[in-house]
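This report concerns only the one structure given below.
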Amino acid sequence: MSAIRTEALTKHFSVGFWRRRPYVALDALTLDVPDGEVFGFLGPNGAGKTTTLKLLMQLIHPTSGRAEILGRPAGDVGVRRRVGYLPEHPYFYDYLTAEELLEYFAALFGYAGAERRRRASSLLDEVGIGAERRFQLRKFSKGMIQRVGIAQALVNEPDLVVFDEPMSGLDPVGRREIREMILRLRDRGCTVFFSSHVLSDAEALCNRVAILAGGRLVTSGSLADMLAFQLRGWELVVTGLTTEALEHARGLGRITKATLLGGDRYALELPLSTPPDRILADLTAHGAQLGSLNPVRETLEDFFMRQVAAVKR
Amino acid sequence: MRALVIVAVNVFREAVRDRVLYILVAFAVLLISVSFLLGQLTAGQDVKIIKDLGLAAIATFGLLIAVFIGIGLVWKEVERKSIYSLLSKPIRRYEFILGKYAGLALTLFVNVAVMTLAFYAVLAFLNTRFPAPMRAAWPAPATDPGMLLAIALIFVELLLVTAIALFFSTFSGPFLSAALTLGLWVIGSFNADLRNFEAVLQSPAAGWIARGLYYVLPNFAAFDVKAQVVHALPVPPAYVLTTAVYGVVYIALLLTASVLVFDRRDFK
């Protein structure tokens with residue numbers, strides 16, 4: 001089953017003061033987010049990521065198209081019982097304490113008094129809010145607010161969480177903790193759909209990604225599939241390599257780059273056109289020994305830049 | 001319904017934690033207490049002065065609370081974006097609007113109750129300071145329960161003002177909302193003049209428009225029976241009931257309009 005499904009989801013905003021004209025924030029987005037996966041929704045600033053998330057949460061109304069969450073129309077209030085949402089740059093009632101805020105939201109899900117307190121307390125523990133939980137939120141730093149934001153999104157033990165830039169405002173320790181939390185959520189069967197422009201997070205966490213640019217879907221699919229065949233070449237680490245053998249290989253144009261790692265240990269970059277087994281045979285014939293051989297794949301960042309650049313052209 | 005109550009309780013909690021509210025209520029209570037001193041300046045008019053000032057203080061400070069909390073009810077949530085997390089929970093937009101309204105209504109009720117208690121406490125104290133023959137000459141006892149009728153109508157009036165402030169706050173900023181709400185309150189308090197405009201106007205069309213406005217705009221003057229109760233003049237129960245029903249119908253229309261406007265809004 002799909003956790004999220006959109007069909008030609010489109011949003012136009014009116015811009016301009018006197019002569020109002022439409023601005024296409026999202027253009028016919030058709031997307032399928034499978035159940036139980038971590039799905040990264042990537043794109044540069046202004047790509048339409050937050051617009052999509054707000055459409056899913058019904059904070060804005062679509063100009064056309066459809067959106068479904070957990071098999072129900074996105075506007076269905078009942079389905080929100082199973083969904084958690086962290087908005088971008090969250091802000092909460094600053095006159096409440098973190099505990100009170102979580103209890104307030106838990107009450108909206110129908111949790112009774114003791115259960116509300118228990119849930120609030122365990123979630124605040126989980127996101128690393130200690131004794132500060134009894135302070136009013138006006139005293140909280142941006143990073144602490146972000147942590148509270150993540151806790152409130154999980155208050156109902158959701159089947160689907162939608163995070164808008166979850167790592168925003170967090171220090172390196174916080175980022176790691178949230179990454180681990182996302183993986184824990186996935187392990188207990190929760191679908192995590194998150195927007196980000198931090199590609200390393202997406203690369204570390206996601207099963208699938210979608211890339212959005214200029215309000216349009218550029219590509220979508222399994223991260224492994226996207227990057228598996230995008231081989232750029234090979235990295236060969238050898239020891240005992242003589243200078244003559246290295247020069248010989250260079251002369252034949254089989255090596256793009258050679259980096260001395262220390263002693264007689266070299267890391268050699270081979271172009272994709274060079275079969276690694278042939279050069280390895282060549283080098284071992286000259287007395288070199290194999291250290292390791294690894295494919296050099298395109299990173300998500302390379303892939304992202306290429307896709308986004310293509311849209312801009 | 002549960003969501004509505006939860007939102008309402010939170011509005012009340014926000015108001016209770018807002019220092020501005022305490023300042024307003026403290027000032028009102030102080031004014032009611034000071035009226036006791038003012039009363040002493042006017043021989044024989046003590047009770048009347050205190051009643052006049054006390055009821056006016058309840059109405060005025062209630063109005064300030066209704067307008068200045070009312071205009072921020074929705075606007076603040078949208079501006080600060082706290083609404084994003086809230087509306088992603090299982091709550092319908094109409095529950096949010098009605099919850100906000102109910103929360104402020106509860107806040108107003110508590111405030112009006114506090115001011116009324118202070119008002120009656122001052123009057124009860126005054127009652128002990130005058131000998132029985134003097135008290136007998138007053139048109140009504142100092143702690144005349146009949147004044148509660150005037151306070152009840154003030155409360156309905158405040159609920160109406162709140163509904164107006166809430167309506168404007170569903171689509172405009174705080175300054176415009178405050179100006180429009182106070183503007184409507186001023187026009188509504190002198191509404192009777194609109195009805196009689198056609199007698200002094202040359203143009204029948206202008207008179208017609210003035211009469212139309214008289215029927216459309218809220219008639220706040222109708223809620224003001226302060227002078228009658230202070231002078232112990234009878235206020236027919238049927239009048240109080242009709243006026244209250246008028247207020248409730250008007251509030252219902254405004255809340256419906258607020259829900260319709262809010263339902264269509266995009267939170268960009």
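Just so you know, these numbers use all the heavy atoms, side chains as well, and skip hydrogens, waters and symmetry mates. To find a chain, count down the sequence lines: A is the first, B the second, and so on, and within it residues start at 1.
Using a 4.5 Å heavy-atom cutoff, the side chains of Ser82(B) and Tyr93(A) are in contact. With a 4.5 Å cut-off on side-chain heavy atoms, Lys11(A) and Asp266(B) count as touching. Under the 4.5 Å side-chain criterion, counting only non-hydrogen atoms from C-beta, Lys54(A) is in contact with Tyr84(B).
Asp76(A) does not touch chain B: none of its heavy atoms, backbone or side chain, sits under 4.5 Å away. Both the backbone and the side chain of Leu96(A) come within contact range of chain B, with heavy atoms under 4.5 Å apart. The part of Arg2(B) that comes within reach of chain A is its side chain, from C-beta onward, which places non-hydrogen atoms under 4.5 angstrom from that chain. Pro90(A) does not touch chain B: none of its heavy atoms, backbone or side chain, sits under 4.5 Å away. Residue contact with chain A, scored on non-hydrogen atoms closer than 4.5 Å, is absent for Lys76(B). For Gln136(A), the part sitting under 4.5 Å from any heavy atom of chain B is the side chain, from C-beta outward, and nothing else. In this structure, chain A has heavy atoms under 4.5 Å from both the backbone and the side chain of Val7(B).
Across all non-hydrogen atoms, the minimal contact from His61(A) to Asp263(B) is NE2-O, 2.9 Å.
In this structure, the side chain of Arg13(B) does not engage the main chain of Tyr95(A) through any donor-acceptor pair within 3.5 Å.
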Test log, rule side-chain contact (heavy atoms from CB on, under 4.5 Å), inputs Ser85(B) and Phe92(A): CA-CA 8 Å; Ser85(B) 321; Phe92(A) 304 108; 3.1 Å; yes
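Heavy-atom pairs under 4.5 Å with chain A peak, among Lys268(B), Glu14(B), Arg264(B), Arg92(B), at Glu14(B). Ranked by heavy-atom pairs under 4.5 Å with chain A, the list Glu77(B), Arg265(B), Arg93(B), Lys89(B) is led by Lys89(B). For the set Asn10(B), Ile91(B), Leu86(B), the entry with the most heavy-atom pairs within less than 4.5 Å of chain A is Asn10(B). Chain B forms the most heavy-atom pairs under 4.5 Å with one residue out of Glu100(A), Met57(A), His89(A), Gln58(A), and that residue is Glu100(A). Between chain B and the residues Phe109(A), Tyr85(A), Phe13(A), the largest count of heavy-atom pairs under 4.5 Å involves Phe109(A).
Within a 6.0 Å sphere centred on CZ of Arg21(A), other residues, nucleotides and ligands contribute 12 heavy atoms or fewer.
Here the straight-line distance linking atom CG of Leu108(A) with atom OG of Ser88(B) works out to 9.5 Å at 0.5 Å rounding.
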